Amino acid sequence: MEHHEDYRSRFIDSTLQKIREIRTPIQQALEIGALEYDALSGNYIFLYNRLNREFNAYHAYRFLAIKNYGNAEVFFYRLITKIYKEHRITSLPPIVSTISNHDYYYWAVPMFEIIAIPSGEENSLLNLPDLYHEIGHLLYSMYQGRSCELSGLEIDKHFKKELGSLKDRRQYEHFGSEVERAKYLWQVSWLEEFSCDLAGTYMTGAAYGWTNLKLISADHGSSRIFDYTDSHPANEARMRIIILMLEKLGLHNEKREIESTWQVFMRDTEIFRPPVYRILFPDKLLKLIIDEFVDFYDNADLAPCTELTGAADTPMANLLNEAWVNAQNNPETFNIYETNVVNGLYEKFGLQR
C-alpha cells in the first residue's frame, strides 16, 4: 500500500533524516579510527549509548508505525483530521497507528507525533472518546503545560500546608512519605493526566465519561478505584474530575446520569479508601484545575462539545454521544447500529472497508 503524503513528508522523511543523523557520528568514529585509542573510549561509549537509545526510540515509535501502515491508518488519518478541524486545533494532526495492544490500550508520544491504539479500533465507537484523551497529551505538550501552570503552584502550596499539619499532629511518621510522594507525582505526571481527562470531556462531553466508567468497571473493579501509580492518579479522582467538568460545561442531565451510575458502582467502597486519600485528591484542587483549563482553552479557541451541537456535518463528538445513548437503550441491536455508523464514516472519507 502506498503511504499517504502526510506519512511520507512528515513521518517517513523525517524518520530517515533522524536515522542518518544517528548513523553519521558512528561512521565518522570508525573512519578516523577513534575507537582504537583507549583514552577516547569512555567518550565514545557514552556517545554510543545515547545514539542507541535514540535509535531504539525511533524504531519503537516511528519505524513500527511506518511498517504497520494499512487501511486502519488511512481511516484514522481522515478521522483525526476531522476532529482537529471540528475543534479548531491549529497544529498538524499526529499519526494514529494500530501498533498498540489491548494491554497497553491507547497511548501517545507527543515528541514523535504519534498516537498508538490497538488493532481493530477502527471498527468500534465506544472506545474512541479515549482518542481525545491522547489528543490532550499533544495539546499539553504543544502549550507546554500552560493550561494548568497556576494550578500547579496552588497544588504545591496545598501539600506543603498538609505536610505541616501532619507534623503538628505528629502523624508525619505514619503518612508523611505517602503525601510527599503524591506532592511529587502531582507535578511530574498527575496534573497532565487530569488535564487530558478534561480535554476528553471538554471535546466529547458525556461520551468520555461513559467510556472512562466502562474501562474502570471492566479492568479494575470497585476495590481498586483508590489505587494510584507513578503515571496515573486514582480512578476515583479521575472519574470525579470528569463529573465536575460536565457540570462546568452545563451538561447537567448528562452529569446526573453518569454520577448516578457511578454512585452505584461506588457502593461499599469506603473500606478501600486510604487514610490520607482526601488530602491527595480534594475537590478544591480538581475544581481549580477545571477553572484554569476552561479559561485557557476558551482563550485558545478550542471548540468545546457544547459548541458543536447543530453543525451541518455531524461532529465526531456527537456521533460518539449518540453511540453511547444507543448502546444503553438498545444493547441487543447496537452491533448493527455501530457497523452502520462506521460504514458511514468510511463512505464519507471515500474509503472502502
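Because the structure is predicted, anything quoted here is derived from the model rather than measured.
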With no hydrogens and no angle check, just 3.5 Å: does a side-chain donor-acceptor pair link [X] and [Y]?
X: Asp130; Y: Tyr105; value: yes
X: Asn56; Y: Arg53; value: no
X: Glu259; Y: Gln263; value: no

For Phe194 and Phe281, take the angle between the two ring planes, folded into 0 to 90°, and tell me which bin it lands in: parallel under 30, tilted 30 to 60, perpendicular over 60.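 Phe194 and Phe281: perpendicular rings.
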
task: Can you label the angle between the Tyr61 ring and the Phe112 ring as parallel, tilted or perpendicular, going by 30° and 60°?
output: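 Judged by the thresholds at 30° and 60°, the geometry between Tyr61 and Phe112 is tilted.
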
Side chain [X], main chain [Y], donor-acceptor under 3.5 Å:
X: Ser260; Y: Arg256; value: no
X: Ser189; Y: Asp230; value: yes
X: Asn212; Y: Tyr208; value: no
X: Ser217; Y: Lys214; value: yes
X: Gln187; Y: Gly152; value: yes
X: Ser141; Y: His137; value: no
X: Gln27; Y: Thr24; value: no

Which value, rounded to the nearest 0.5 Å, describes the distance between [X] atom [atom1] and [Y] atom [atom2]?
X: Ile66; Y: Ile95; atom1: CD1; atom2: CD1; answer: 9.0 Å
X: Leu302; Y: Ile135; atom1: CG; atom2: CD1; answer: 9.5 Å
X: Leu285; Y: Ile290; atom1: CG; atom2: CD1; answer: 11.0 Å
X: Leu246; Y: His252; atom1: CG; atom2: NE2; answer: 10.5 Å
X: Asn71; Y: Thr98; atom1: CG; atom2: OG1; answer: 10.0 Å
X: Leu198; Y: Met203; atom1: CG; atom2: CE; answer: 10.5 Å

Are [X] and [Y] packed together at the side-chain level, in the sense that at least one heavy-atom pair is separated by less than 4.5 angstrom?
X: Trp210; Y: Leu213; result: yes
X: Glu322; Y: Val325; result: no
X: Phe334; Y: Leu126; result: yes
X: Ile26; Y: Arg23; result: no
X: Tyr140; Y: Pro110; result: no
X: Tyr106; Y: Pro118; result: yes
X: Leu79; Y: Leu131; result: yes
X: Met239; Y: Asp197; result: no

Counting neighbours of [atom1] on [X] that are heavy atoms of other residues, nucleotides or ligands and sit closer than 6.0 Å, is the number greater than 12?
X: Ile336; atom1: CD1; value: no
X: Lys18; atom1: NZ; value: yes
X: Glu54; atom1: CD; value: yes

By salt bridge (Lys or Arg N to Asp or Glu O under 4.0 Å), which residues pair with Glu113, not counting sequence neighbours?
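Only Arg10, Arg62 meet the salt bridge (Lys or Arg N to Asp or Glu O under 4.0 Å) criterion with Glu113.
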
Exercise for the section: Would you please name every residue forming a salt bridge (Lys or Arg N to Asp or Glu O under 4.0 Å) with Glu86, sequence neighbours left out? Expected result: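 Residues passing salt bridge (Lys or Arg N to Asp or Glu O under 4.0 Å) with Glu86: Lys82.
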
For the student: nearest non-hydrogen atoms of [X] and [Y], plus distance:
X: Glu338; Y: Asn123; answer: CD-O, 3.8 Å
X: Pro94; Y: Leu138; answer: CB-CD2, 3.5 Å
X: Ile99; Y: Ala60; answer: CD1-O, 3.9 Å

Indicate every side-chain donor-acceptor pair of residues 158-169 with a distance under 3.5 Å to a residue at least two apart or in another chain.
residue : atom : partner : partner atom : Å
His158  : NE2  : Ile279  : O            : 2.8
Lys160  : NZ   : Asp156  : OD2          : 3.2
Ser165  : OG   : Lys161  : O            : 3.2
Arg169  : NE   : Gln171  : OE1          : 2.9
Arg169  : NH2  : Gln171  : OE1          : 3.1

Check: Do any pairs count as a salt bridge (Lys or Arg N to Asp or Glu O under 4.0 Å) and have a residue in residues 288-302, sequence neighbours left out, and if so which ones?
Finding: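 Counting only pairs at least two positions apart or across chains, the salt bridge (Lys or Arg N to Asp or Glu O under 4.0 Å) contacts touching residues 288-302 are Arg88-Asp301, Lys248-Asp291.
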
Note: [X]-[Y] ion pair, threshold 4.0 Å (strictly below):
X: Glu180; Y: Lys183; answer: no
X: Arg353; Y: Glu122; answer: no
X: Glu270; Y: Arg273; answer: yes

* Residues which pass ring-ring contact (aromatic ring centres under 6.0 Å, His included) with Phe293, listed by chain and number, not counting sequence neighbours ->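 Per chain and number, Phe293 pairs via ring-ring contact (aromatic ring centres under 6.0 Å, His included) with Tyr202, Tyr297.
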
According to ring pair (Phe, Tyr, Trp, His ring centres under 6.0 Å), does anything in residues 228-248 pair up with another residue at least two apart or in another chain? List the pairs.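 Qualifying pairs: Trp190-Tyr228.
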
